[in-house]
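The figures here come from the full heavy-atom set of this structure, side chains too, leaving out hydrogens, waters and symmetry mates. Proteins get letters first, then strands, A, B, ... in listed order; numbering begins at 1 in each.
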Amino acid sequence: MHYLDTLNPQQRAAVEQTEGPLLVLAGAGSGKTRVLTCRVAHLIEQGVPPWKILAITFTNKAAREMVDRVDTLAGEAGHDAWVSTFHSCCARILRRDIEKLGYKREFAIYDEDDRMSAIKAVCKAMELNDKEYPPKVVRAVISDAKNRMLTPSEWLEDEGDNFRNRKLSEAYQRYENMLRGNNALDFDDLLIKTLVLMSEHPPVLEYYQDKFDYVLVDEYQDTNAAQYQFVRLMAGKKRNLCVVGDDDQSIYGWRGADIRNILEFERDFPDCKIIKLEQNYRSTGNILDAANQVIAHNAGRKEKALWTQSDSGEKVGLYHAMDERDEAAFAALMSKKLISQGCRPGEIAVLYRTNAQSRVLEEAFVRAGVPHRVYGGQRFYDRKEVKDLIAYMRALVNPDDDISVRRIINEPKRGIGESTIDALAAHAEVNGISLMAAALDAGEAGLSSRAEKLVSGFAALMMELTEALYTQTISEFAATLIEKTGYVKALEQSKTEENEARIENIHELEGAVSEFEKLNPEGTLSDFLENVALITDVDNLNQTSGAVTLMTLHSAKGLEFDAVFLAGMEEGVFPLSRAMFDDDALEEERRLAYVGITRAKKRLFLSHARTRMLYNSRSANQLSRFVDEIPRRLIQDGSVRMDARVPRPMGRASADGYSAPRPSAPNYSYARAQAAPAKQPSQPDALNIPGLRRGADYAQEVPQRALKLFKPGDSVVHAVFGRGRVERVEGEDSAQKVIVRFDNGSLKRFSASIAPLRRID
DNA sequence: CTCCTTTGTCTTTTT
DNA sequence: GACAAAGGAG
């Protein structure tokens with residue numbers, strides 16, 4: 001069957017309407033990705049040369065998927081289409097022409113950490129009081145200005161000219177200067193500099209406008225001002241622009257995404273066609289119903305009504321946990337149960353609002369012995385040892401990158417301290433040269449003879465590595481780098497478990513370089529670094545890998561799973577406390593809830609904790625209003641146990657105020673947040689309904705948390721890792737850490753009080 | 001001058 | 001509870 005015949009009429013219309021501006025409003029799970037891929041395939045089939053197509057997606061993963069799927073529909077030709085994220089697309093354009101803006105081709109791409117280092121350096125240079133001007137605030141100002149595409153002076157004008165703003169504007173200007181001096185761009189710059197390039201060099205703009213006959217944009221609701229401009233420029237001439245999005249899934253307002261871009265598309269392109277995709281192919285009726293009910297509480301939406309032909313399916317499970325550990329145990333053990341019933345681990349996801357929630361969840365999965373993977377949070381490339389080696393690479397490719405040079409000049413420790421670096425930096429400043437150049441010129445920097453010797457040693461190392469870089473393949477070079485810097489050797493000096501893990505990470509980095517080389521035989525180190533900067537953790541998600549996925553709600557956008565757990569359904573957690581009294585922020589939280597619910601295909605579990613460790617103290621939060629907004633009829637309260645041997649009580653009377661059916665008028669739930677706390681369950685006995693296991697029961701399936709202490713030489717057994725012997729202990733009492741050598745030779749470090757570890761005689 | 005310990009701060013989401 | 005800055009010892 002031809003792929004066009006597999007589409008419903010709306011989808012098919014969206015594919016075949018190739019000419020002119022087109023807005024596709026695609027509800028969650030309505031086959032948006034299929035439409036996009038078929039559209040590309042269709043264009044190719046119509047005789048459009050693939051290289052005349054530009055398709056922009058939100059993540060690299062989505063881009064890859066699209067290429068793969070176009071492949072199967074239209075064959076190899078699909079590879080010649082430009083399918084990428086905004087950021088990689090801009091990086092590609094800039095690699096070609098950035099010299100026109102006075103940068104060098106090997107420009108570095110700064111991540112959030114590098115950006116922060118640069119900002120701190122700026123604050124230091126300006127002698128800003130970090131109480132009055134915390135680097136974080138400066139960063140927020142710069143981000144905000146860049147998101148709105150304002151220059152430092154424009155920002156000042158916009159914000160009002162006063163002493164403080166003048167300082168902030170100056171900091172922004174200095175930051176810009178510093179990045180330029182370092183031949184570096186931050187994420188926002190990738191977009192902004194591309195726009196500058198286009199506006200200052202019309203032939204470049206013309207080249208791309210002529211090059212691309214068709215432009216497609218996915219997740220259009222999450223574009224910000226710069227991205228919007230970029231899209232308009234690219235499609236400006238041919239006007240064959242197709243944007244696909246869902247205003248209900250706009251969740252990046254905080255990053256400058258402007259929901260108006262989608263709401264006002266019609267105004268920008270008055271002749272545009274609009275097609276709505278409203279049939280959902282993903283979720284069961286109950287799940288979809290719940291999602292629709294929640295999102296209906298938002299005002300100012302594009303009217304659409306998602307429907308499905310699927311059965312209503314199971315009700316939405318709601319679990320009342322005692323605390324966050326119990327909640328985590330529930331998610332882990334229920335996942336285990338689902339897996340034992342035949343669900344593939346890769347088809348299960350636990351989603352949460354903040355990364356901070358991931359730790360407890362992960363611990364529970366480890367304890368339950370359920371294979372899992374945590375995405376987001378700290379990326380592999382954010383680990384210190386990996387960042388250090390990457391910094392070496394960056395400094396070698398782009399010696400103007402002072403931030404990277406500063407990072408590695410004394411890493412591993414080679415006796416070059418703060419004062420020596422400051423002297424070098426001063427020398428560099430005076431002579432208008434980079435820090436690396438100053439180090440190569442150590443004799444002239446007025447250092448003590450000891451310091452000069454050390455710096456010269458570093459300079460010699462960098463020379464040697466530069467030579468290697470130009471004579472070896474990149475994988476050979478990676479090995480040379482690790483060898484010559486003595487990085488691993490330094491870690492081997494003290495054989496702690498932490499250092500061993502670091503060494504492993506370094507080898508993994510080596511592996512990543514080789515892998516990259518295999519996939520891109522022509523790739524340079526600079527290409528590798530670009531890849532590192534723009535790839536995210538989630539891009540590596542592999543649903544067939546046999547592990548449960550743990551990630552934030554934001555990361556889950558665009559993904560789908562058979563079973564989804566939404567953890568932390570509590571006021572103050574989700575919605576976040578700072579969003580609770582701000583209507584716009586609250587609507588964005590609600591859209592996030594909608595995104596979370598609609599990730600689920602068959603089963604959806606919501607959970608909340610009666611008390612939770614939050615920030616510094618234990619707090620009792622009310623059930624999230626988003627749960628209240630789901631009609632009672634769709635919720636199976638406390639029914640989430642899937643153990644068929646025990647009869648499950650239906651329609652349980654609400655004994656605890658948590659599960660009480662409440663009217664779900666929006667005004668009511670808003671008022672509730674300010675009212676007195678709901679009744680707390682005063683008598684735990686009231687919950688002792690036969691057959692219904694609640695909170696504490698789940699916690700009990702987890703090894704006891706009584707205070708256990710160990711001493712070196714103890715024979716122990718661990719629930720996951722098996723038998724071993726205590727090699728060392730650190731800390732006392734509840735803070736005791738045990739280092740265990742397992743029979744298979746591996747060495748692990750645990751918290752004695754919480755690890756599923758016990759002594760055997 | 002470095003490195004280790006202590007103290008204090010701050011917790012949203014990410015290309 | 002994690003991490004940075006600051007302070008003290010070698």
Side-chain angles (χ1 to χ4, degrees), chain A residues 56-63 84-91 109-113 115-117 120 124 130-131 134-136 140 143 146-147 185-191 219 222-224 226-227 230 250-257 324 351-360 363 375-379 382 384 410-423 447-448 450-451 454 494 530 532-539 551-558 568 572-580 582 585 588-589 591-593 595-596 613-618 735 751:
Chain A
I56 296 173
T57 59
F58 197 71
T59 63
N60 293 293
K61 180 178 189 286
S84 68
T85 62
F86 277 108
H87 295 268
S88 346
C89 175
C90 289
I109 299 172
Y110 276 3
D111 66 17
E112 220 47 45
D113 271 12
R115 187 181 225 188
M116 207 59 187
S117 307
K120 279 179 183 161
K124 197 173 159 192
D130 59 357
K131 285 278 179 296
K136 286 198 141 181
S143 270
K146 288 197 168 196
N147 276 329
L185 269 59
D186 63 23
F187 283 133
D188 298 328
D189 284 338
L190 288 173
L191 263 303
E219 308 283 13
D222 285 320
T223 52
N224 65 21
Q227 292 165 335
F230 178 75
S250 163
I251 54 174
Y252 283 97
W254 51 274
R255 204 171 73 191
E324 72 276 12
L351 308 180
Y352 36 82
R353 178 66 240 263
T354 66
N355 277 306
Q357 290 166 253
S358 68
R359 231 200 44 250
V360 182
E363 280 171 14
Y375 291 87
Q378 214 195 16
R379 292 186 322 156
D382 289 340
K384 182 186 180 300
N410 193 36
E411 197 67 57
K413 302 280 175 271
R414 48 174 75 90
I416 301 174
E418 197 64 39
S419 42
T420 306
I421 298 174
D422 284 347
L447 302 170
S448 69
R450 182 185 121 88
L454 292 167
S494 59
E530 177 177 314
V532 166
L534 297 178
I535 207 101
T536 66
D537 219 10
V538 182
D539 291 326
M551 59 168 47
T552 62
L553 286 152
H554 281 89
S555 309
K557 187 171 79 150
V573 176
F574 188 31
L576 280 173
S577 49
R578 57 207 299 171
M580 284 181 1
D582 170 340
E588 182 149 316
E589 296 280 310
R591 290 193 292 270
L592 194 54
V595 167
M613 239 0 214
L614 209 55
Y615 309 133
N616 240 340
S617 56
R618 184 156 286 281
S751 266

Novice: Name the nucleic acid region contacted by E588(A), choosing base, sugar-phosphate or nothing; use a 4.0 angstrom heavy-atom cut-off, strictly under.
Specialist: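 Here E588(A) touches no strand at all.
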
Novice: Which nucleotide, dT15(B), dT14(B), dC1(B), lies nearest any side-chain atom of Y252(A)?
Specialist: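 Of the candidates, dT14(B) comes closest.
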
Novice: Could you report the tightest heavy-atom contact between S88(A) and L534(A), atom names first, then the distance?
Specialist: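 For S88(A) and L534(A), the tightest heavy-atom pair comes out as CA-CD1, 3.6 Å.
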
Novice: Please tell me if T552(A) has a side-chain N or O lying less than 4.0 Å from either OP1 or OP2 of dT14(B).
Specialist: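 So the side chain of T552(A) is within the cut-off, an N or O lying under 4.0 Å from OP1 or OP2 of dT14(B).
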
Novice: Could you check whether S88(A) gets within reach of a base, just the sugar-phosphate, or nothing at all, counting any heavy atom under 4.0 Å?
Specialist: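 Contact class for S88(A): none.
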
Novice: Looking for any heavy atom pair under 4.0 Å, which part of the strands does K120(A) touch: base, sugar-phosphate only, or nothing?
Specialist: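 Sugar-phosphate contact only.
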
Novice: Can the ring centres of F58(A) and Y252(A) be said to be less than 6.0 Å apart?
Specialist: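 Yes - the distance between ring centres of F58(A) and Y252(A) falls below the 6.0 Å cut-off.
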
Novice: Could you pull out the closest heavy-atom pair between H554(A) and W254(A), with the gap in Å?
Specialist: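 In terms of heavy atoms, the two residues are closest at NE2-NE1, 3.5 Å.
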
Novice: Considering every strand and a 4.0 Å limit on heavy-atom distances, what is the contact class for L191(A): base, sugar-phosphate, or nothing?
Specialist: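 L191(A): no heavy atom of the nucleic acid under 4.0 Å.
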
Novice: Can you tell me which nucleotide in dA2(C), dC10(B), dT15(B) comes closest to the side chain of R359(A)?
Specialist: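 From the listed options, dA2(C) comes nearest.
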
Novice: Just checking T59(A): base, sugar-phosphate only, or nothing, at a heavy-atom cut-off of under 4.0 Å?
Specialist: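 No contact.
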
Novice: Name the pairing partner of dT11(B), where a pair is Watson-Crick or G-U wobble with both distances under 3.5 Å, or state none.
Specialist: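 No nucleotide pairs with dT11(B).
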
Novice: With both distances under 3.5 angstrom, what nucleotide forms a Watson-Crick or G-U wobble pair with dA5(C)?
Specialist: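 The answer is dT6(B), by the H-bond criterion.
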
